[in-house]
Amino acid sequence: MVTTANNLVYERPEGFTDTPTHYCPGCTHGVAHRLVAEVLEEMGVLEKTIGVAPVGCAVFAYNYFDTDFVEAPHGRAPAMATGIKRVLPDRVVFTYQGDGDLASIGMGEITHAAARGENITVIFINNANYGMTGGQMAPTTLPGMKTTSSPNGRDVETQGYPIRMSEMLATLDGAGYVVRRSLHDPKNIRLAKKAIRLAFETQLRGLGFSLVELLSTCPTNWGMTPVESLKFVEDKMVSYFPLGDYKISQGVAQLKV
Amino acid sequence: MTREMWEGNQAIAEAAVRAGLEAYFGYPITPQTEVLEYLSRRMPELGRTFVQAESELGAINMVYGAACAGVRVMSTSSSPGVSLMMEGLSYIAGTEIPAVLVNVMRGGPGLGNIAPSQSDYNQAVHGGGHGDYYPIVLAPASVQEAVDLMALSFDLAEKYRSICMMIMDGSIGQMMEPINMPEMRPVQRKDWDWATNGRMGKRERHVLTSIYLDPYEEEKTNLRLLERLQQVQANEVRYKEYFLDDAEFVVIGFGTAGRVSLSAVRAAREQGIKVGLLRPVTVSPFPHKVVDELVKRIQGFLVVEMNTGQMLEDVRLSVKGRAPVEFYGRPGGVVPFPDEVLAEIKRVASSRLSLEANPRDAWFERMMAMK
């Protein structure tokens with residue numbers, strides 16, 4: 001069938017450049033990127049958006065979004081975003097960070113950005129391991145989960161417990177909107193997109209720090225097929241990292257999207 | 001213009017404000033905390049940005065972000081805090097954007113103490129963070145000079161898309177002196193053709209990053225940074241000279257060590273010793289050419305520092321073994337008295353000086369003999 005304007009059901013969002021991504025087949029980074037690009041496009045804010053890329057698999061995020069972008073040191077994206085947003089308060093500033101970046105080395109920066117109520121939006125990809133360096137244990141690695149640095153499975157006695165970032169950040173008064181969603185099926189992807197929209201709306205209205213945690217896959221490092229890894233998220237990750245709204249401030253609760 | 005009494009730290013804070021500082025990010029650490037405290041009141045009063053960061057890591061990365069946005073931005077800290085900032089400095093250097101940092105140095109290594117020191121010369125001048133880069137480094141010797149160099153720091157940082165660091169020791173930071181504060185300059189946000197401040201319907205997107213995965217691209221970047229260093233070396237060397245015209249001996253010292261040495265040089269002149277002083281104001285770029293000229297007509301150098309001989313190595317690099325170089329240092333937060341430096345000048349002027357001796361080793365032996 002020839003694609004025409006009448007039956008066009010899928011196309012590259014305006015928020016994307018023409019660059020094909022470097023992500024592994026089956027990885028949900030591509031989905032997360034697309035949701036962010038669609039939301040920025042739908043809100044008409046691409047022209048005034050500045051993204052902050054992390055260190056991790058999404059280090060090259062700046063190649064894919066057709067907005068201004070900077071590339072932060074490992075974990076420091078919320079600090080860089082703070083610097084940008086404070087001097088350009090009318091712009092839209094977001095960070096895109098993985099779990100090693102945000103929940104380990106960048107714990108100080110993310111916590112204090114939330115505590116200060118920085119008007120930034122954080123897209124937090126939780127795939128339970130350090131993807132870019134080849135699948136090491138992350139703060140979000142599940143108990144018993146095998147990684148290249150927990151070869152016998154994460155032993156909580158010696159390697160500690162996973163950190164539930166959304167729950168933790170939700171305790172901070174500066175946080176306006178903190179939710180966890182998942183990317184393991186179409187229904188959850190739609191819910192994730194809605195949450196991303198609400199997070200950016202929170203920022204646009206100056207209602208404080210917003211974060212959307214997205215449970216994601218890492219088929220390559222998990223040693224699974226894409227389908228198996230989606231199942232792993234649904235069966236194993238969602239039970240440890242329950243989906244839900246952890247912080248919706250009064251102001252955000254009144255938003256209609 | 002009336003002269004006013006200002007404490008060094010508060011003075012550089014106000015000088016930065018008057019030079020058009022739009023954003024400040026800092027963290028408390030002695031002996032620079034007064035900068036943070038002063039700007040916590042002053043910046044909001046002017047509708048400008050002030051954030052007390054969660055750490056020096058946070059502070060320098062906020063500076064990084066604001067610098068990417070294209071505004072005049074600065075942080076200040078002291079030795080241990082500046083060590084934490086080295087990560088961000090390296091990224092800022094790799095991204096080739098302007099930023100200003102003041103290090104009000106104290107004794108180290110480690111926690112050290114909070115006494116005035118020049119122990120971070122190497123860290124400042126020779127990079128400090130990872131990778132090949134060359135910051136511009138200024139070293140004032142008085143509150144007035146620190147104030148005057150503040151505006152220059154921003155101008156140089158922007159001109160060369162470089163880090164400009166001012167290293168001053170805790171005594172300049174916390175001493176009060178009568179100064180002339182410069183006039184308030186208006187904030188002028190420039191529309192840099194590199195800034196990530198949003199496309200705003202005017203242009204293609206800007207990306208600022210320090211990543212060059214292709215080694216050949218990184219090599220090009222390294223060479224570009226080196227080329228910039230050479231331009232800085234050619235155009236921006238600044239120094240103060242005292243009694244050099246007929247000098248037979250020359251003391252070289254920066255910052256407070258240079259200032260103390262000036263008193264000693266004056267005293268030595270009164271005693272008939274033909275000694276002068278070279279005080280580098282830019283320690284990076286170092287005034288190599290000036291030293292090179294002096295080598296041809298003097299009998300010896302005495303390098304005075306508040307460390308164990310860090311700038312000494314740069315002096316020796318200029319001298320290239322063609323003239324004797326002697327050293328006197330007080331590390332650890334000890335500030336030398338003019339009498340001590342005078343005694344050293346007399347020693348140098350009256351001894352048979354060697355071209356071969358290692359000046360630091362010889363100084364170390366003298367220090368140990370005194371203990």
Side-chain angles (χ1 to χ4, degrees), chain A residues 14-17 19 22 40 44-55 59-93 95 105-118 120, chain B residues 22-25 27 43 48-73 75 84-92 94-95 97 99 129-130 187 189 194-213:
Chain A
E14 251 183 60
F16 269 170
T17 62
T19 316
H22 69 288
L40 293 174
V45 295
L46 284 166
E47 292 289 335
K48 60 173 182 176
T49 295
I50 300 144
V52 185
V55 171
V59 67
F60 297 118
Y62 57 78
N63 282 330
Y64 312 133
F65 290 96
D66 193 18
T67 67
D68 275 9
F69 239 93
V70 297
E71 207 294 302
H74 198 20
R76 319 290 174 231
M80 270 192 98
T82 298
I84 298 168
K85 184 74 181 182
R86 288 287 185 125
V87 300
L88 300 170
D90 63 336
R91 305 302 203 272
V92 173
V93 180
T95 73
I105 198 167
M107 183 62 100
E109 286 74 18
I110 191 69
T111 306
H112 285 272
R116 287 190 304 267
E118 295 295 343
I120 59 171
Chain B
E22 271 202 77
Y24 173 88
F25 306 94
Y27 187 82
M43 295 295 274
R48 306 186 194 179
T49 299
F50 170 91
V51 178
Q52 178 171 329
E54 62 274 16
S55 67
E56 286 89 351
L57 277 172
I60 196 67
N61 282 291
M62 291 175 195
V63 167
Y64 187 15
C68 287
V71 308
R72 283 204 158 180
V73 56
S75 187
L84 271 175
M85 291 183 173
M86 282 300 151
E87 176 194 71
L89 283 186
S90 171
Y91 278 75
I92 290 168
T95 309
I97 49 170
H130 60 282
V187 168
R189 191 175 289 189
W194 46 260
T196 49
N197 48 8
R199 284 161 30 196
M200 305 308 277
K202 290 184 298 194
R203 56 166 172 78
E204 294 295 296
R205 74 204 190 96
H206 287 164
V207 173
L208 285 173
T209 165
S210 63
I211 194 169
Y212 296 96
L213 268 200

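The figures here come from the full heavy-atom set of this structure, side chains too, leaving out hydrogens, waters and symmetry mates.
Ranked by heavy-atom pairs under 4.5 Å with chain A, the first of B:E22, B:K202, B:R189, B:E204 is B:R189. Ranking A:T82, A:L88, A:T49, A:D66 against chain B, the residue ahead of the rest is A:D66, based on heavy-atom pairs under 4.5 Å. Of the listed residues A:H112, A:R76, A:K85, the one with more heavy-atom pairs under 4.5 angstrom with chain B than any other is A:R76. The candidate from B:G65, B:A195, B:A59 with the greatest count of non-hydrogen atom pairs under 4.5 Å with chain A is B:G65.
Judged by distance alone, the side chain of A:R91 and the main-chain N or O of B:N197 form a donor-acceptor pair under 3.5 Å. Panel note: side chain B:T196, backbone A:V70; no donor-acceptor pair is recorded below 3.5 Å. For B:R199 (side chain) and A:E47 (main-chain N/O), no donor-acceptor pair under 3.5 Å exists by modelled atom type. Side-chain atoms of A:R86 never come within 3.5 Å of backbone atoms of B:A66 as a donor-acceptor pair (strictly under, hydrogens ignored).
To the nearest 0.5 angstrom, B:L208 atom CG is 11.0 Å from A:Y62 atom OH. Atoms CZ and CG, on B:R205 and A:L46 in that order, are 11.5 Å from each other to the nearest 0.5 Å. Between A:R116 atom CZ and B:E54 atom CD the span is 5.0 Å, to the nearest 0.5 Å.
Nearest approach of B:A69 to A:V87, heavy atoms of both residues: CB-CG2, 3.7 Å. Nearest heavy-atom pair, A:E109 versus B:G58, reported as atom, atom and distance to 0.1 Å: OE2-N, 4.1 Å. Considering every non-hydrogen atom in both B:Y64 and A:P73, the closest pair reads CE2-CD, 3.6 Å.
Contacts of B:V207 with chain A are made by both backbone and side-chain atoms, with heavy-atom separations under 4.5 Å. Interface remark: A:F65 contributes backbone atoms only to the contact with chain B (heavy atom separation under 4.5 Å). Proximity to chain B (any heavy atom under 4.5 Å) is shown, for A:T111, by neither the backbone nor the side chain. Only the backbone of B:F50 comes within contact range of chain A, with at least one heavy atom under 4.5 Å from a heavy atom of that chain. With a 4.5 angstrom heavy-atom cutoff, B:L213 touches chain A only via side-chain atoms. If you measure heavy-atom distances from A:V59 to chain B, the contacts under 4.5 Å come from the side chain alone.
Residues B:H206 and A:D68 have side chains in contact (heavy-atom distance under 4.5 Å, counting atoms from C-beta outward).
Annotation for B:Y27: atom OH does not count as buried by contact number, only 12 or fewer foreign heavy atoms lying within 6.0 Å.
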